[in-house]
Amino acid sequence: MYCDRCGRAVVDGDHTACARARELEPPRYCALCRRRMVVQVTPTGWTARCAEHGERTG
Amino acid sequence: MADILAVARTQVLEQGIGLGQDQALDCLRLPDERVDDLLDLAHEVRLRWCGEEVEVEGIVSLKTGGCPEDCHFCSQSGVFDSPVRSAWLDIPSLVTAAQQTAATGATEFCIVAAVRGPDARLMAQVREGVRAIQEAVDINVACSLGLLTQEQVDELAGIGVHRYNHNLETARSYFDRVVTTHTFDERRETCEMVRQAGMQLCCGGIVGMGESLEQRAEFAVQLAELDPDEVPLNFLNPRPGTPFGELHPMGAVDALRTVATFRLVMPRTILRFAGGREITLGDLAERGVRGGVNAVIVGNYLTTLGRPADEDVRMLADLRMPIKALARNL
Ligand code: SF4
Ligand SMILES: [Zn+2]
Ligand SMILES: [Zn+2]
């Protein structure tokens, strides 16, 4: 599993700051494969697409 | 030496003449214990010269990322190792975004593209998008598409784009520390063409990028020289992978001091809280709206998220500040 903000492995270091930042950011990396996702932010939400693992929305 | 707030009360509040650069610097240097007085004066100035209404706007990114320019604050530059990838928004989603924005009570919807300036493909997309929004949504459409040619300025004015955003970003004397791929004067030229074509000019920038207080005062005055209809004020939100990614966000009191000072330099402009507000000010945003600001961006930004629009709408209601209604003057 990877951190969806910084793309490093979840077990690699501390991601507390990433988690805090994520409250005001969409994810950028796929948590399953760490590919950079194509992310679209709209006024009320976001969609993030991994070429391999599909779409997440928030 | 006369106290700067006493001077500003006469010059700005009573006579409507904005502060000059040295005067702005005096405001930016006021000690923390005088910031409340500064904000109160800025609020009086705003009420006197702009009225009590607050303008609400939503923005959306039509084309995200992959920009060839190197603005050091920007996660959408393709020059840096930023995690933001290129994306295009389709027209139906653009219209939906405009509808969601209008539903909050907003009167402005700004379509933004991360480009140096528009190419034929982007202009075609904008043409189609603006028309689709105008047909489906009752909202003013603004654009922010980078540096423009005269033909592009004329075309955007011709299709009914009501306001164009192009920021100076920072003071002239600090510009080359922030951007090296285009110049301050190139930015200024686009702003001037926009004005001459009769579109409203929205021109602001970002504070907290390492500029000095002198440069912040310089920047305020350089904006005032363009006499923009709107000034969006962003606070640096350090983005991973960008050259400014390791800077610290500006402190809240400094941010408020800056907001109030910009108001005293530009008594009549629409002064908008833009990006970075949440991380810099948190709940103190409310103090800014009682300290010179009379416009907000609601909802999300281009690549980052804002607080939900209804929280801002509720904040304005609690402050008994009416939201500006749509005035069609076509
Ligand atoms: S021109 Fe705009 S999108 Fe491109 S790097 Fe500069 S700020 Fe970012
Ligand atoms: Zn992380
Ligand atoms: Zn994946």
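All values derive from a computational prediction rather than experimental measurement. The analysis underlying the following values was restricted to heavy atoms, covering all of them including side chains, and did not include hydrogens, waters or symmetry mates. To find a chain, count down the sequence lines: A is the first, B the second, and so on, and within it residues start at 1.
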Original post:
Going by heavy atoms in the side chains, are A:V41 and B:L305 under 4.5 Å from each other?
Top reply: yes
Subject >> Check: A:R49 and B:R85 side chains under 4.5 Å, non-hydrogen atoms >> reply: no
Original post:
Rounded to the nearest 0.5 Å, how far apart are CD of A:E25 and OG of B:S75?
Top reply: 9.0 Å
Subject >> Contacting region of B:A97 [heavy-atom separation from chain A under 4.5 Å] >> reply: both
Original post:
With only heavy atoms counted, which part of B:S86 is less than 4.5 Å from chain A, the side chain, the backbone, both or neither?
Top reply: backbone
Original post:
Counting heavy atoms not belonging to B:E246, are there more than 12 under 6.0 Å from its CD?
Top reply: no
Original post:
More than 12 non-hydrogen atoms from neighbouring residues, nucleotides or ligands closer than 6.0 Å to CG on B:D318, yes or no?
Top reply: yes
Subject >> B:T64 versus chain A, the contacting section by heavy-atom distance below 4.5 Å >> reply: side chain
Subject >> Shortest non-hydrogen contact from A:V39 toward B:A87 >> reply: O-CB, 4.0 Å
**OP:** Calculate, to the nearest 0.5 Å, the distance between atoms OG1 and CD belonging to A:T44 and B:Q100 respectively.
**Re:** 3.0 Å
**OP:** Can you measure from CG (B:L302) to OG1 (A:T42) and round to the nearest 0.5 angstrom?
**Re:** 11.5 Å
Original post:
Can you say whether B:I297 sits under 4.5 Å from chain A via the side chain, the backbone, both, or neither, judging by heavy atoms?
Top reply: neither
Original post:
Between B:V60, B:T101, B:V84, which has the largest tally of heavy atom pairs under 4.5 Å with chain A?
Top reply: B:V84
Original post:
So do B:P240 and A:R5 actually touch side chain to side chain, heavy atoms under 4.5 Å?
Top reply: yes
Original post:
Do other residues, nucleotides or ligands put more than 12 heavy atoms under 6.0 Å from B:D283 CG?
Top reply: no
Subject >> Contact summary for A:R36 and B:S82, nearest pair of heavy atoms >> reply: NH1-O, 3.0 Å
Subject >> Interchain contact, A:Q40 with chain B, by part (heavy-atom threshold 4.5 Å) >> reply: side chain
